[in-house]
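Single-structure report; data block below.
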Amino acid sequence: MPAPTSWLKRLVLGRPFRSDTLGETLLPKWLALPIFASDPLSSVAYATQEILLILSIGGLAYFTLAPWVGLGVAVLLTVVVISYRQVVKAYPSGGGSYEVASRNLGSHAGLVVAGALMVDYIMTVAVSVASGVDNIISAVPELNDQRILLDIVFIVLLMAMNLRGIRESGRAFAAPTYLFIATVMLMIVVGFLRVATGHPPVSESAGYAVRPEQAGLTGFALVFLLLRSFSSGCTALTGVEAISNGVPAFRKPKALNAARTMTAMGATAVVMFGGITALALITKVHIAENTCDLTGFRGDCTADPQRTVISQIAAAVFGGDHAVLFYILQAATALILILAANTAFNGFPLLTSILAQDRYLPRQLHTRGDRLAFSNGIIALSLVAGILIFAFDGSTTRLIQLYILGVFTSFTLCQAGMVRHWNRVLADTADARERRAAQRSRLINAVGALLTAIVLVVVLITKFTHGAYLVVITIPALYLLMRAIHRHYTHVREELQPDDEFELLPSRVHAIVLVSTLHKPSQRAIAFARATRPDTLSAITVNVDDADTRELQRQWERRAMKIPLKVIESPYREITRPVVQYVKNLRHDRPRDVVCIYIPEYVVGRWWENALHNQSSLRLKGRLLFEPGVMVTSVPWQLRSTARRDLQRVRPLPGDLRRGVTTQRRS
């Protein structure tokens, strides 16, 4: 009968997949779009809102600048999408920005990009889930007090779905993504039709006034406000690079399918973002960072939340906040925003797997789990995102200030790396047609590098004091951590290189059996030690109780055991320290000899029995492992409770194929 934890794991994750079925998890384009592009597609739900929130600092008069800010964001999104198409074609192995920067700008730049991307993916989960819950609360305001709990629950659900595998999670997330696209497009079409017929929709906040925090902005202050608004609107670009990281997950031809998916994502995102921004201005949505700055707000401004921009537009276009289409759009928006975190759940594990393979992160992150997903990376992402949600009270406005700095750091270094890539291609290519194609691609990436670098500076300046300084600290910290991990792995690899010393046999082998009581486990340990034919063999016991020790000696003599029993005194009733000291003395007298310690251990069949046995042996083994020239051998004794675990009836264990275990078990 399987253990409760095993049963629960199978219930949540399903049966494990064989390693040779990895090809069956590859994605068609229609399924790859919701998996890798849900983040940039969902960003349009709050990018316009972020633009208006910043412009509201100066008052309603500055909302007239929103079209120009939105146009700048749309142009930048288009340039970045076209630029990343070049990345997909040139580097289809899935390293994305990290691989481009590492190969063309060096490992240091690659690690900066890796750190920035990891921050970006973590923030994607936190911001997407928080924003999705905001839209749920817009439809059901009574849930406002349960905001953080809802955030954590959705993160756990996303983690569970992704642990089941990329293809299975994609099927679950495809319908909400396409529903969101369809309902937003319908809202845009209906909204413009109403404008064309002379009945423009009006939002519920159209009659509100906004109390400006900074009135009469001119000159540098006005430019700074515009730049800050633009940098907030650039959240629409988050997740654009995820497709370049996930190329290996596409069906063949991988690069071509990934490029086409990126084009579809870019075109859809630009149309939806432009439509929502235009409708926000047409319906006269008025929104402010501080609800109490809204003059005429209905309700308690200190407790009641504002409706999101997209929910106000939907209510205005579809005929009120009780219309069926309003609830459908709200549900689709909430779902797509929450599921947008799925982009990070696919990108982050892939990135950390590549970094682990390059020995910049723990090797455990490179191992696939039961369902051929990078389980450790998925769990790590969930934990960190959950901590951020809790620390920032699930506030989208506070979290979003930390968001896009990492995005544009990776964008800029990636595009600069691509320029150097095309320079090398041009240096090695003589064919005129290939040179023209390379020159065109270089121009695209050069423009992308220039624009994203400008935006990076703008974001750094405008958001630094609003929380972005935390990202400025985090990315270098991750860089230093990855360098330290790589240095450790390098030193270990150098230390473990084979040499001639280990080709020499030890002078002698001294076998020691640790005995506390003369019973079947200790008899088996003695028999096994004798079978190895050591140069010397003895048993030792630690005297922590005089009566028990004398009884052991009497049993030893009565049974005429064929090996000597040595008693180690322990006036302070310790076991580990006297044994370790005894072994050290033995090694000191004969440094070229090897000492092998045989420790009898119980094997139990129930999980709770582990707490009742083997604690002393575990502590002793943990200490002896640090002694050079000492080998520790566990000699198991299976208790009757293990009989309930019929291994012949167990299916292949998770991880068997990865470890090379091919023994067939009966089902």
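FYI, the numbering just counts along the sequence from 1. Small disclaimer: the values here were computed from a predicted structure and weren't measured.
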**OP:** Could you tell me which residues satisfy side chain to side chain donor-acceptor pair (under 3.5 Å) with Arg260, sequence neighbours excluded, listed by chain and number?
**Re:** none

Subject >> CD1-CG distance between Ile378 and Leu158, expressed to the nearest 0.5 angstrom >> reply: 10.5 Å

Original post:
Which residues satisfy the ring-ring contact (aromatic ring centres under 6.0 Å, His included) test with Phe250, sequence neighbours excluded?
Top reply: Phe36

Let me check something: any side-chain donor-acceptor pairs from residues 262-275 under 3.5 Å, sequence neighbours excluded? List them with distances.
from: Thr263; atom 1: OG1; to: Arg85; atom 2: NH1; distance (Å): 2.5
from: Thr263; atom 1: OG1; to: Ala259; atom 2: O; distance (Å): 3.1
from: Thr268; atom 1: OG1; to: Ala264; atom 2: O; distance (Å): 2.7

Original post:
Ala66 and Leu281: which non-hydrogen atoms are nearest, and at how many Å?
Top reply: CB-CD2, 3.9 Å

Original post:
Is a donor on one side and an acceptor on the other found under 3.5 Å between the side chain of Thr409 and the backbone of Ala116?
Top reply: no

**OP:** Answer yes or no: is there a donor N or O on one side and an acceptor on the other, between the side chain of Ser244 and the main chain of Val87, under 3.5 Å?
**Re:** no

Subject >> Considering all heavy atoms, the nearest Pro349-Ala344 contact >> reply: CD-O, 3.5 Å

Subject >> For Arg442, all residues meeting side chain to side chain donor-acceptor pair (under 3.5 Å), sequence neighbours excluded >> reply: Asn423

Subject >> Pairwise distance CD(Gln86) to CD1(Ile444) - rounded to 0.5 angstrom >> reply: 4.5 Å

Original post:
Hey, is the main chain of Ile51 close enough, under 3.5 Å, to the side chain of Ser229 for a donor-acceptor pair?
Top reply: yes

Subject >> Thr291 (side chain) donor-acceptor with Gln306 (main chain) under 3.5 angstrom >> reply: no

Original post:
Between OG of Ser128 and CG of Asp151, what distance do you get to the nearest 0.5 Å?
Top reply: 11.0 Å

Original post:
Is it true that a side-chain atom of Asn257 and a backbone atom of Lys29 form a donor plus acceptor pair closer than 3.5 Å?
Top reply: no

Original post:
Are Gln49 and Ile310 side-chain neighbours, meaning at least one heavy-atom pair lies under 4.5 Å?
Top reply: no

Original post:
Considering residues at least two apart in sequence or located in another chain, which fulfil the ring-ring contact (aromatic ring centres under 6.0 Å, His included) criterion with Phe345?
Top reply: none

**OP:** Would you please test Leu222 and Leu65 for side chain to side chain contact (heavy atoms under 4.5 Å, CB included) and show each step?
**Re:** CA-CA 11 Å; Leu222 176 60; Leu65 300 173; 4.1 Å; yes

**OP:** Could you list the residues that satisfy side chain to side chain donor-acceptor pair (under 3.5 Å) with Ser231, not counting sequence neighbours?
**Re:** Thr462

Subject >> Non-hydrogen atoms of Ser83 and Asn445 that approach each other most closely >> reply: O-ND2, 3.3 Å

Original post:
Do any N or O atoms from the side chain of Ser203 and from the backbone of Ile313 form a donor-acceptor pair under 3.5 angstrom?
Top reply: no

**OP:** Check side chain to side chain contact (heavy atoms under 4.5 Å, CB included) between Ser56 and all other residues, then give those that pass, not counting sequence neighbours.
**Re:** Phe63, Val210, Ala288

Subject >> Interatomic spacing from CZ in Phe224 to CG in Leu227 - rounded to 0.5 Å >> reply: 8.0 Å

Original post:
Partners of Asn144 by side chain to side chain donor-acceptor pair (under 3.5 Å), sequence neighbours excluded?
Top reply: Arg147

Subject >> Ala314: partners by side chain to side chain contact (heavy atoms under 4.5 Å, CB included), with sequence neighbours left out >> reply: Met187, Phe318, Phe326, Leu329

Subject >> Reported OH-to-CG distance for the pair Tyr121 and Leu350, which is rounded to 0.5 angstrom >> reply: 8.0 Å

Original post:
Is Glu50 reaching over with its side chain to a backbone N or O of Ser232, donor-acceptor style, under 3.5 angstrom?
Top reply: no

**OP:** Please examine the side chains of Ile54 and Phe230, heavy atoms only from C-beta on, and report whether any two atoms are closer than 4.5 Å.
**Re:** no

Original post:
Looking only at heavy atoms, what is the nearest atom pair of Ile389 and Ala126, with distance?
Top reply: CD1-O, 3.4 Å

Original post:
Measuring from Ser311:OG to Ile137:CD1, what's the distance to the nearest 0.5 Å?
Top reply: 12.0 Å

Subject >> Contacts of type side chain to side chain contact (heavy atoms under 4.5 Å, CB included), residue Val472, not counting sequence neighbours >> reply: Leu405, Leu460, Phe464

Subject >> Partners meeting side chain to side chain contact (heavy atoms under 4.5 Å, CB included) with Ala114 (sequence neighbours left out) >> reply: Tyr98, Leu355, Met482

Original post:
For residues 315-331, which residue pairs qualify under side-chain hydrogen bond (donor to acceptor under 3.5 Å, both in side chains), counting only residues two or more places apart or in two chains?
Top reply: Arg307-Asp321

Subject >> Minimal non-hydrogen separation, Gly394 against Ala130, with atom names >> reply: O-CB, 3.6 Å

